[in-house]
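In what follows, every chain begins at residue 1, and chains take the letters A, B, ... in the order their sequences are listed.
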Number of protein chains: 2
Amino acid sequence: MTPPPRQRATVHDVVARAGVSRGTVSRFLNGTGYVSADAAARIEAAIEAVGYVRNNAARNLVTQRSMAVGFVVHEPHQLFLGDPNIGSIMLGTNDALADAGYQLVVLVVASDSDAERVSTYLRGGFVDGVVLVSARTHDAVAEAVEKIALPAAVIGQPEGGGSLPHVAIDNHAAAREITERLVATGRRRVGMLASALDRDSGADRLAGFTEALGERFDESLVVTDPLYSYTSGVRGMAELLRRDPSVDGVFAASDAVAAGAIETLRAHGRRIPEDVGIVGFDDSDWAQRCTPKLSTVAQPAHDIGHAAARLVLDQLRSPEAAANVTLPTTVVWRASA
Amino acid sequence: MTPPPRQRATVHDVVARAGVSRGTVSRFLNGTGYVSADAAARIEAAIEAVGYVRNNAARNLVTQRSMAVGFVVHEPHQLFLGDPNIGSIMLGTNDALADAGYQLVVLVVASDSDAERVSTYLRGGFVDGVVLVSARTHDAVAEAVEKIALPAAVIGQPEGGGSLPHVAIDNHAAAREITERLVATGRRRVGMLASALDRDSGADRLAGFTEALGERFDESLVVTDPLYSYTSGVRGMAELLRRDPSVDGVFAASDAVAAGAIETLRAHGRRIPEDVGIVGFDDSDWAQRCTPKLSTVAQPAHDIGHAAARLVLDQLRSPEAAANVTLPTTVVWRASA
DNA sequence: TTGTACGCGTTATCAC
DNA sequence: GTGATAACGCGTACAA
């Protein structure tokens, strides 16, 4: 039982012990071939003896790549903790990267100083590319990434239309589709609990809703809130009922909002879906938990993450490849409408 | 408007442009002083002109530290997506690290090959330390970390009692406390929906429950499930009611489990808290969402993450510092019992 | 105050 | 097959 070496062993130590040159050890390590069976055996023994593990930081310095890709997530506005999709997106990215032998490193931005430090990290040579999640307009990190021309992909197209390639879902079409479906159940007074109109997702969902209703669209039946939250659903629905007690259909901008709205509807004695039909967006845990279960729009979260990773990997291969990606959503019809 | 340089500029380029030596540029960059105003100005201009950004990977090679700390999270068993505390813990860790000027890098382990790759990454010299979240017994990553003697802290003490220092809450005491509180409301037949008995948290919560009940403990009133999930609560409660329809008190191993149990209780016509009092664990979103709101145990998630980071940072300063930390929980009494 | 030379731990390119 | 030797981009004694 030898105690673990306190000081890291380097190739030098292996060289000394095995009695071969640095070049030979390196070739052995990288499986480049051209190393005799005898030398290989001695090297292997030496590595074991001195407890050598390769310093990849040094290796990357000469190979000029890190085999790692960053994944930047912004915490403000409950984006990280609240959004149930973010986890799946991350896993999708991880899957795609792992297949290609890349390491995913997640970076959290929870303050301005974080943004600064993360930008520095991204510039530091620790990652070969980066996936930006839901960058807001004029995002500091996105700007830094653009400046140093780091291969990147942003999830959820930024309004400003920064030059970074993005992968997104068609919020507009999805909202239109589920609204039409809701209308088809015979609802006459259909309202919307809109959220986050300052983000492309929120604005597009409202646009899709508006288009679906066409002539029958009534501006007074749209209640807005900055957040996609349960609480905003509770309050928004109360407001909607106040404006027009006869509403019999509701499109909530997210499942969380829908869940809150259901709570309010129940408190007001409305039966679902008999009196009021309601649909959400995301197909998150919320949708399954609601009573009755929520009809909603399913986002291909895993695929989104996967596509973003592919977008970065493609750029790593050929610097020009950078086509935006739009992924299809599907309406999941359950019992709430 | 000069286009961004395609090839990264190095100190060499700055040197050439500013007409000074490498040493002077380096001193300027690190604010070590000993650089004339004239030289500083020329260097500054040159940096701007060639668009130089320091390569920290190379810098770390010579300084022998990365100023980054890893945060390894295991995805299996819904640990990541499901656990509402994990996000807060992560933010707590991020806060502590940011204060010390360190960068948090989150690493996800979702497969065996991921564990392998992450271990390699950890060994690679990219991080100065690491926080391991809920490492399972015989965790591959934990073993690798121990082997290379990387400063570390694990959250939620591992059963095996690996030599890594840990930060945890006293699940046993917390479970005992809330169970006593539940009993104090006059419940006679108190059952438990236990989960994850293979993890220390799950086993300890059951032990605390058992201790609190003492004489009145009835083994048949304990239903177990491998997961801390909503679904396990739904099923577990049904089973509990089947075993003894007269249960009037329930301690659920987590808020999610409690939420599922409430659903079942409601379906069986039981009123809460009139007919059955129920309490949970975590004080997560679920607790606020339940109707009625859940009485539960609040975990200091942010503090846990913060403490883990401190534990790592302390070891970075003096290699010996490694005292385990146990953080206090608080009972949050609401309307469900 | 400034410049020179060396080293951090690897890989890559050569002659041998 | 193998072993010097030159990078990779940077910090830092040390000498000037």
Give one of base, sugar-phosphate or nothing for [X], where a contact means two heavy atoms less than 4.0 Å apart.
{"X": "B/S26", "answer": "base"}
{"X": "B/R54", "answer": "sugar-phosphate"}
{"X": "A/N30", "answer": "sugar-phosphate"}
{"X": "B/V14", "answer": "nothing"}
{"X": "B/A39", "answer": "sugar-phosphate"}

Query - Contact list for residues 308-318 of chain B, test side-chain hydrogen bond (donor to acceptor under 3.5 Å, both in side chains), sequence neighbours left out - result: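 The answer is B/R310-B/D314.
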Grab the [atom1]-[atom2] distance between [X] and [N] for me, whole Å please.
{"X": "A/F28", "N": "C/dT11", "atom1": "CZ", "atom2": "C1'", "answer": "16 Å"}
{"X": "A/I43", "N": "D/dG3", "atom1": "CD1", "atom2": "P", "answer": "9 Å"}
{"X": "A/R59", "N": "C/dC8", "atom1": "CZ", "atom2": "C1'", "answer": "17 Å"}
{"X": "B/R27", "N": "D/dG11", "atom1": "CZ", "atom2": "P", "answer": "12 Å"}
{"X": "A/N56", "N": "C/dG9", "atom1": "CG", "atom2": "C1'", "answer": "11 Å"}
{"X": "B/Y34", "N": "C/dG3", "atom1": "OH", "atom2": "C1'", "answer": "16 Å"}
{"X": "A/R123", "N": "D/dG9", "atom1": "CZ", "atom2": "P", "answer": "18 Å"}
{"X": "A/R42", "N": "D/dG1", "atom1": "CZ", "atom2": "P", "answer": "15 Å"}

Query raised in the report: Closer than 4.0 Å, any side-chain N/O of A/T24 to the OP1 or OP2 of D/dG3?
Result: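 Yes.
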Query raised in the report: Is A/S36 near enough to D/dT2 that one of its side-chain N or O atoms lies under 4.0 angstrom from OP1 or OP2?
Result: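 For D/dT2, OP1 or OP2 has a side-chain N or O of A/S36 closer than 4.0 Å.
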Shorter than 3.5 Å, N or O on both sides, protein versus nucleotides 5-8 of chain D: list them out with atom names.
unit_1, atom_1, unit_2, atom_2, d
D/dA6, N6, A/R22, NH2, 3.4

Query - Between CE on residue B/M90 and CD1 on residue B/I304, distance to nearest 0.5 Å - result: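 If we round to the nearest 0.5 Å, B/M90:CE and B/I304:CD1 are 15.0 Å apart.
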Report task. Could you grab the distance from atom CD1 of B/I47 to atom CD of B/E44, nearest 0.5 Å is fine? Result ->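 Answer for the CD1-CD pair, B/I47 versus B/E44, is 7.0 Å.
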Requested in this report: Taking side chain to side chain contact (heavy atoms under 4.5 Å, CB included) as the test, write out the residues that go with A/N324, two or more places apart.
Outcome: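 If we apply the side chain to side chain contact (heavy atoms under 4.5 Å, CB included) test to A/N324, skipping adjacent residues, the hits are A/P165, A/H166.
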Query raised in the report: Of all residues at least two apart in sequence or in a different chain, which pass the side chain to side chain contact (heavy atoms under 4.5 Å, CB included) check with A/D303?
Result: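 Once residues adjacent in sequence are excluded, the partners of A/D303 under the side chain to side chain contact (heavy atoms under 4.5 Å, CB included) criterion are A/P300, A/L327.
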**Report entry** Between A/S66 and A/N60: side-chain donor-acceptor atoms closer than 3.5 Å
**Finding:**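 Their side chains do not contain a donor-acceptor pair, so the 3.5 Å distance test is not met.
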Query raised in the report: Taking C-beta and beyond as the side chain, do B/T93 and B/H302 meet within less than 4.5 Å on heavy atoms?
Result: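 No, their side chains stay 4.5 Å or more apart.
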Donor-acceptor contacts, no H, no angles, side chain residues 98-108 of chain A, under 3.5 Å, sequence neighbours left out:
unit_1, atom_1, unit_2, atom_2, d
A/Q103, OE1, B/R117, NH1, 2.6

Query raised in the report: More than 12 heavy atoms of other residues, nucleotides or ligands under 6.0 Å from CD of B/E143: is that the case?
Result: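 Buried by this count: over 12 neighbours within 6.0 Å.
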Report task. List the steps and the verdict of side chain to side chain contact (heavy atoms under 4.5 Å, CB included) for B/D38 and B/R42. Result -> CA-CA 6 Å; B/D38 176 54; B/R42 298 231 302 285; 2.8 Å; yes
Requested in this report: Would you mind reading off the bend of the helix from C/dT1-D/dA16 to C/dC16-D/dG1 from its two end axes, five pairs each, to 10 degrees?
Outcome: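 It comes to 40° between the two terminal axes.
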